[in-house]
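Predicted model only: the values in this text are computed from it and were never measured. Just so it is clear: chains get the letters A, B, ... in the order the sequence lines come, proteins before strands, and each one is counted from 1.
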Amino acid sequence: EAGVAQSPRYKIIEKRQSVAFWCNPISGHATLYWYQQILGQGPKLLIQFQNNGVVDDSQLPKDRFSAERLKGVDSTLKIQPAKLEDSAVYLCASSPRDSYNEQFFGPGTRLTVL
Amino acid sequence: SQQGEEDPQALSIQEGENATMNCSYKTSINNLQWYRQNSGRGLVHLILIRSNEREKHSGRLRVTLDTSKKSSSLLITASRAADTASYFCATDVGGAQKLVFGQGTRLTINP
């Protein structure tokens, strides 16, 4: 079974630029999560989708971050404009419907904002 | 806000020794999980313990949960170099269907 795919793996941008990350969850998984992991910290949930609907985006900085999951499969996370403090690893995870407990994580995208 | 706090933040032991990591949390939970993260990689689910369980085993892993103290421990027995990683506890918060992760313990196994 293929795991959660993310791209790109690494991205370096200047502050105030835009960036987008892509995630393809495990086939059949209804729930998709985006986490931000700052160096030395645990992952922090940014947004949670159930199919193509948003379940929780309470910690998403909506003035600069946006995410979508069209057709309830792939998802993109966008930052516009980026700030220095956005430097982090962005992790995508998925889980089967009604099974938020065991989440399967992708390898992450390491973003560096200069 | 942070729900889980791991202790210690870093742990270095010799191969073959046992490693113990602790996690404390603040609010009531339905379950607590432990994840492992190898350097530069995503997280891997290790074990889940429910609030009505006190101890659970999986291979060389032993997890305990004390809901009265709001704490959990992860024991890795007979450690191996491949166990070098960061370990995170994660809890659901008040029944919400999402996980909140702690800061993690960075474990180094020396050959």
> Does some side-chain heavy atom of Lys98(B) sit less than 4.5 Å from a side-chain heavy atom of Tyr33(A)?
Replying inline: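 No, their side chains stay 4.5 Å or more apart.
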In terms of hydrophobic clustering (I, L, V, M, F, W, Y; side-chain heavy atoms under 4.5 Å; direct or indirect links), are [X] and [Y] co-clustered?
X: Val54(A); Y: Leu60(A); answer: yes
X: Leu46(A); Y: Val89(A); answer: no
X: Val63(B); Y: Val44(B); answer: no
X: Met21(B); Y: Leu61(B); answer: yes
X: Leu45(A); Y: Leu91(A); answer: yes

> Which pair of non-hydrogen atoms, one from Leu99(B) and one from Tyr35(A), has the smallest distance, and what is that distance?
Replying inline: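 Closest heavy-atom pair between Leu99(B) and Tyr35(A): CB-OH, 4.2 Å.
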> What heavy-atom pair brings Gly42(A) and Phe88(B) nearest, and what distance separates the two atoms?
Replying inline: CA-CE2, 3.4 Å
>> If I measure from the heavy atoms of chain B, does Ser58(A) come under 4.5 Å with its side chain, its backbone, both, or neither?
In response: side chain
>> Is Gln37(A) close to chain B through its backbone or its side chain, or both, or neither, when contacts mean heavy atoms under 4.5 Å?
In response: side chain
>> Is Gln9(B) in contact with chain A via its backbone, its side chain, both, or neither, using a 4.5 Å heavy-atom distance?
In response: neither
> Using non-hydrogen atoms only, which part of Leu43(B) is less than 4.5 Å away from chain A: side chain, backbone, both, or neither?
Replying inline: both
> For the atom pair CG (Leu46(B)) and CD (Glu102(A)), what is the distance rounded to the nearest 0.5 Å?
Replying inline: 10.0 Å
> If you draw a 6.0 Å radius around CZ in Arg54(B), do more than 12 non-hydrogen atoms from other residues or ligands fall strictly inside?
Replying inline: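 Yes - once you tally the heavy atoms of other residues, nucleotides and ligands closer than 6.0 Å, there are more than 12.
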